Protein chains: 2
Amino acid sequence: MDWITQVAERLRATGGRMTTQRRLILETLAQCTDHPTAEEIYQRARQRAPDLNLSTVYRTLRWLEDLGVVGTQRFEGERPQERFDPAVSAQPEHHHFRCRLCNTIIEFPAPLLEVLKQDFITHYGGTIESASLIFYGLCESCLQKVETYGPLSFNPNAITGPHERPSHSTGRAS
Amino acid sequence: MDWITQVAERLRATGGRMTTQRRLILETLAQCTDHPTAEEIYQRARQRAPDLNLSTVYRTLRWLEDLGVVGTQRFEGERPQERFDPAVSAQPEHHHFRCRLCNTIIEFPAPLLEVLKQDFITHYGGTIESASLIFYGLCESCLQKVETYGPLSFNPNAITGPHERPSHSTGRAS
DNA sequence: CCCATTATTGCAAATTATTTGCAATTAGTG
DNA sequence: CACTAATTGCAAATAATTTGCAATAATGGG
């Protein structure tokens, strides 16, 4: 039984219905190798069904999130939007590296994290149900480029001082 | 030299000016033991200067963020808003545990994370410049309560099925 | 110590991501 | 095939955050 049928089954079990739109969104997700935003998923799915609506995409994504079929991530330095991670059901515990220059995301397992969790509980008590670990840095290929050509001028995280932020200025012409 | 003077100095160094509002916001931040939202900082600061404006709070916070004086965090399951962390300059590398029931945040150091970073680089190359680690679970005191009284009914993360999300419904009366 | 320069503020309006009410549609059931 | 309730599309509502602009205020120089 393939992934979509599996999801459909879980859906039925709770009184849900498998619709054309939901199938389309599931198929779109199945083809993703990245971490798209709701808008991106909408655009990709829309190529096959132009009258698909963005609300439907959001509703479907929230539903999949509740089902644990997709995960959500927020990355620093981005517009305050959510990215969806179609890979959670395949590899429940994976984490993310994000390249500050090319924005590539690398998913990696971190079994050692269990030790960190245990450490935490030993000190503070309680229980840990889930964990989110994100590394930020340069991926190998961007690192090479920087080493070859020197620091790239469009570095989005460059600190420019208090009154001149890269994207959001204080409202004065510079 | 205290923290505020230090920040002020860095500000001057880049052509910035220390204003009443900025000092007020800095003082407010210095008293925080939690991770407030911009709105919360605004409300607290406003008690001493009622005509302070929310935009000013945002602008000041972004400026402090660029300076590395405050950090920002987004927690799962919250409205898509940012929380600000006044503790970053004091302890640059600390991480967060968030209790799913009482929302308490515990900050903890994780020296072992260095091993994880090294692990990653060994496998994938590149460099790691920063890391964000968040644990979600129950804090010791909520765990006790749950063990004593049974699962709490208001569990905000409870999975309720596809068509009935806790907060955002699909638009149908249930 | 006052003035000029220019960073900063307050305000209101704009943006952006996301959610929601509702009438029309449609999947699944008998 | 008809019925019922889940789902959709649409448009409008929220909510967090940013921005343009005129007015204000901090600093450096006379």
Side-chain angles (χ1 to χ4, degrees), chain A residues 8-9 11-25 36-43 45-46 49-65 72 74-75 77-84 160-174, chain B residues 8-9 11-25 36-43 45-46 49-65 72 74-75 77-84 160-174:
Chain A
E9 213 137 286
L11 174 56
R12 295 256 174 70
T14 53
R17 293 175 182 176
M18 177 52 58
T19 65
T20 319
Q21 293 86 332
R22 287 181 172 178
R23 202 181 337 267
L24 173 60
I25 294 169
T37 62
E39 179 70 32
E40 284 166 349
I41 294 165
Y42 169 59
Q43 293 301 345
R46 209 148 80 110
D51 53 343
L52 178 67
N53 193 279
L54 182 57
S55 317
T56 304
V57 174
Y58 269 107
R59 284 189 282 230
T60 302
L61 286 169
R62 292 305 172 206
W63 156 62
L64 291 171
E65 187 187 354
T72 58
R74 300 253 171 82
F75 296 103
E78 277 209 323
R79 321 218 106 260
Q81 76 199 343
E82 227 157 2
R83 291 191 170 272
F84 295 85
T160 57
H163 44 294
E164 284 184 32
R165 267 215 144 204
S167 46
H168 26 269
S169 79
T170 57
R172 173 194 39 78
S174 31
Chain B
E9 211 138 284
L11 173 58
R12 293 256 175 70
T14 54
R17 294 173 182 178
M18 178 51 58
T19 65
T20 320
Q21 292 85 330
R22 289 182 171 178
R23 200 180 338 266
L24 174 60
I25 293 169
T37 62
E39 179 71 33
E40 285 165 349
I41 294 165
Y42 170 59
Q43 293 301 345
R46 210 149 80 112
D51 53 342
L52 177 67
N53 193 279
L54 183 57
S55 319
T56 305
V57 174
Y58 269 108
R59 284 189 281 231
T60 302
L61 286 169
R62 293 306 170 203
W63 156 62
L64 292 172
E65 187 186 354
T72 58
R74 301 251 170 83
F75 296 103
E78 277 210 322
R79 320 217 107 259
Q81 76 199 340
E82 228 157 3
R83 292 192 169 271
F84 296 85
T160 57
H163 43 292
E164 283 185 33
R165 269 214 143 205
S167 48
H168 27 267
S169 79
T170 57
R172 171 195 39 78
S174 32

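Throughout, protein chains are lettered first and strands after them, A, B, ... in sequence-line order, and every chain is numbered starting at 1. All of these numbers come straight from a predicted model, not from anything done at the bench. The basis for the numbers below is simple: all heavy atoms, side chains too, and nothing from hydrogens, waters or symmetry mates.
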Does [X] make a side-chain N or O approach to OP1 or OP2 of [N] shorter than 4.0 Å?
X: B:N53; N: C:dT9; answer: no
X: A:T20; N: D:dT8; answer: no
X: A:R59; N: D:dT7; answer: no
X: A:Q21; N: D:dG9; answer: yes
X: A:R22; N: D:dT7; answer: yes
X: B:R62; N: D:dT18; answer: yes
X: A:Y58; N: C:dT18; answer: yes
X: A:T37; N: C:dT16; answer: no

[X] [atom1] to [N] [atom2]: how many Å, rounded?
X: A:L11; N: D:dA5; atom1: CG; atom2: C1'; value: 14 Å
X: A:L52; N: D:dT7; atom1: CG; atom2: P; value: 15 Å
X: A:R46; N: D:dG9; atom1: CZ; atom2: P; value: 11 Å
X: A:R12; N: C:dT29; atom1: CZ; atom2: P; value: 7 Å

Seminar exercise, completed: The residue, A:V57 or B:R79, whose nearest nucleotide of DNA chain D is more 5′ is A:V57
Problem set entry | Closest-nucleotide ordering on DNA chain D, the 5'-leading residue of A:T56 and B:F84 | A:T56
Seminar exercise, completed: Shortest non-hydrogen pair, A:A49 vs A:L24, comes out as CB-CD2, 3.5 Å
Exercise. Looking at A:L54 and A:Y42, what are the two nearest heavy atoms and their distance?
Worked result: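 For A:L54 and A:Y42, the tightest heavy-atom pair comes out as N-CE1, 3.5 Å.
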For this session: Nearest 0.5 Å please: distance from the CG atom of B:L64 over to the CG atom of B:L11.
Result: 9.0 Å
Exercise. So what does A:E39 hit on the nucleic acid, given a heavy-atom distance under 4.0 Å: a base, only sugar-phosphate, or nothing?
Worked result: nothing
Exercise. Counting any heavy atom closer than 4.0 Å, what does B:T19 reach on the DNA or RNA strands: base, sugar-phosphate only, or nothing?
Worked result: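 Sugar-phosphate, no base atom in range.
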Exercise. Has the side chain of A:R22 got a donor or acceptor atom that lies under 3.5 Å from a matching backbone atom of A:R17?
Worked result: yes
For this session: Please assess A:R83 against A:E78 for the test side chain to side chain contact (heavy atoms under 4.5 Å, CB included), listing each intermediate value before the final yes or no.
Result: CA-CA 10 Å; A:R83 291 191 170 272; A:E78 277 209 323; 3.0 Å; yes
